[in-house]
Number of protein chains: 2
Amino acid sequence: MSRMDIQTRLTEFGIAVTSQRLEVAGILLDKPQHLAADQILAMLRKKGSRVSKATVYNTLHLFAEKGLVRALHVDPSRTFYDSTIHPHHHFYHVDIGELSDIPDEQIRIMNLPPLPPGTELENVDVLIKIRDRKI
Amino acid sequence: MSRMDIQTRLTEFGIAVTSQRLEVAGILLDKPQHLAADQILAMLRKKGSRVSKATVYNTLHLFAEKGLVRALHVDPSRTFYDSTIHPHHHFYHVDIGELSDIPDEQIRIMNLPPLPPGTELENVDVLIKIRDRKI
DNA sequence: AGATCCTTTAGATTGAGTCCAATTGCCCAG
DNA sequence: CTGGGCAATTGGACTCAATCTAAAGGATCT
Ligand SMILES: [Mn+2]
Ligand SMILES: [Mn+2]
Ligand SMILES: [Zn+2]
Ligand SMILES: [Zn+2]
């Protein structure tokens, strides 16, 4: 995704463009992936970028709030940000703590229960936990 | 659940009985609920119990490992322990950060995708995120 | 009693995430 | 241009769930 495309993307989602936001988006939106804030910060630093930790966190919160990326709470120790916003579900490989997208989008949930009164649906997450097969 | 029942429960799950473990189990297994370690610690302290923080954490880890309770990673800030181990799914009310069981157990997932090679299924979690209805 | 082994404990430490007050940078009115 | 206004950024202090450590406690056996 080119610098220009990213700029357009931010604007589409109602996010004011700044150089720091372009840098963070440039890393996360590069491909379908799940990255934690500290991983993004490390990648920025390796590139020689000087974006601060506070800004990385602020920016990811803003992106998630505006719907440009999706926050995932799976690993108990940190929040992952998903560059894919098209609805999809995940495998979580518990032995290695790694998250991957479910290729088959055909998962369907039958008999969705009635929601508690006064509430509305935000979204449905299916998380399939897998582990190494023990022979 | 009586003291004696809890004792039996621990033994069934291969957990050596100690007074601290009975106290922690006494609180968590009291009813179907989702509690974080610090909530359990606070409840113990209010009762005048002297179980240490380290023991509460050790104990909950042990319980989850042995299958007596289930750890849930939903709230990004802490781990909740579920006293219900019968397979079931959850609502997560994002506005108030509260977890509740889905009453209708009839949720069914169709078209479960093939697992990555060399892995086996551990379990499937469905998390339905809900929020206050905006009029 | 002593030896062995598991469990508990206080307190220090870790680390993701948040907060804050000061600074920077951008945009526009005069 | 110029400087006032305002959002965005920043370093560093701070929070707090969770973990670690090394010492003490407790049970069981001989
Ligand atoms: Mn957050
Ligand atoms: Mn844990
Ligand atoms: Zn994904
Ligand atoms: Zn539950």
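Chain letters run A, B, ... following the sequence lines, proteins first, then strands; residues in each count from 1.
The nearest whole Å value for the distance from the CG atom in B:Leu41 to the C1' atom in D:dA18 is 12 Å. B:Leu60 has its CG atom 14 Å from the P atom of D:dA17, to the nearest Å. Summarising the geometry, the separation between CD on B:Gln39 and C1' on D:dC16 is reported as 14 Å, rounded to the nearest angstrom. Put simply, CG on A:Asp75 is 18 Å from P on D:dA17, counting in whole angstrom units. Atom P of nucleotide C:dT7 and atom CZ of B:Phe63 are separated by 12 Å, given to the nearest angstrom. D:dA18 atom P lies 11 Å from atom CD1 of B:Ile40, rounded to whole Å.
Considering B:Arg131, B:Arg133, B:Lys134 as possible partners of A:Glu120, the one that fulfils the side-chain hydrogen bond (donor to acceptor under 3.5 Å, both in side chains) test is B:Arg131.
At least one side-chain nitrogen or oxygen of B:Thr55 sits closer than 4.0 Å to the OP1 or OP2 atom of C:dT9. Close to C:dG17, at under 4.0 Å from its OP1 or OP2, lies a side-chain N or O of A:Thr79.
Two residues are said to be in side-chain contact when any heavy atoms from C-beta on lie closer than 4.5 Å; A:Val69 and A:Leu29 meet this criterion. Inter-residue side-chain proximity for B:Phe80 and B:Asp75 is flagged as met; some heavy-atom pair is nearer than 4.5 Å. By the 4.5 Å heavy-atom criterion applied to side chains, B:Leu60 and B:Thr79 are not counted as neighbours. The side-chain heavy atoms of A:Tyr81 and A:Leu35, taken from C-beta on, include no pair separated by under 4.5 Å. The shortest distance between side-chain heavy atoms of B:Arg21 and B:Thr55 does not fall below 4.5 Å.
Residues from residues 42-53 of chain B with heavy atoms under 4.0 angstrom of DNA chain C, sorted by number: B:Arg50, B:Val51, B:Ser52, B:Lys53. Annotation: proximity of residues 10-24 of chain A to DNA chain C (heavy atom, distance under 4.0 Å) is found for no residue.
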Base versus backbone protein contacts along nucleotides 22-30 of chain D [heavy-atom cut-off under 4.0 Å; B, S, -]: ---------
Please list, for nucleotides 23-28 of chain C, all pairs of protein and nucleotide N/O atoms separated by less than 3.5 Å.
none

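For B:Arg78, taking side-chain heavy atoms from C-beta onward, the closest of the listed nucleotides D:dG11, D:dA18, C:dA10 is D:dA18. Taking only side-chain atoms of A:His61, from C-beta outward, the nucleotide of C:dT18, C:dA10, C:dC19 with the closest atom is C:dT18. For A:Tyr57, counting side-chain heavy atoms from C-beta on, the closest listed nucleotide (D:dA18, C:dG17, D:dG12) is C:dG17.
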Side chain to side chain contact (heavy atoms under 4.5 Å, CB included) for A:Leu68 and A:Leu28? Distances and angles first, verdict last. CA-CA 10 Å; A:Leu68 175 63; A:Leu28 183 53; over 6 Å; no
Given A:Val74 and A:His90, is the side chain to side chain contact (heavy atoms under 4.5 Å, CB included) satisfied, shown in steps? CA-CA 10 Å; A:Val74 175; A:His90 295 96; over 6 Å; no
A:Glu122 vs B:Tyr92, side chain to side chain contact (heavy atoms under 4.5 Å, CB included): CA-CA, chis, key distance, verdict: CA-CA 10 Å; A:Glu122 174 144 318; B:Tyr92 182 61; over 6 Å; no
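Listed by chain and residue number, nothing satisfies the ring pair (Phe, Tyr, Trp, His ring centres under 6.0 Å) test with B:His89 (two or more places apart in sequence, or in another chain). Applying the side-chain hydrogen bond (donor to acceptor under 3.5 Å, both in side chains) criterion to A:Ser49, with sequence neighbours excluded, gives A:Glu23.
Judged purely by distance below 3.5 Å, without hydrogens or angles, the side chains of A:His34 and A:Asp101 pair a donor atom with an acceptor atom.
A donor-acceptor pair under 3.5 Å is absent between the side-chain atoms of B:His86 and the main chain of B:Thr84, judged by distance alone. Judged purely by atom type and a 3.5 angstrom limit, A:Gln20 has no side-chain atom pairing as donor or acceptor with the backbone of A:Val56.
Each of A:Asp38 and A:Asn58 was matched to the nucleotide of DNA chain C holding its nearest heavy atom; the match closer to the 5' end belongs to A:Asp38.
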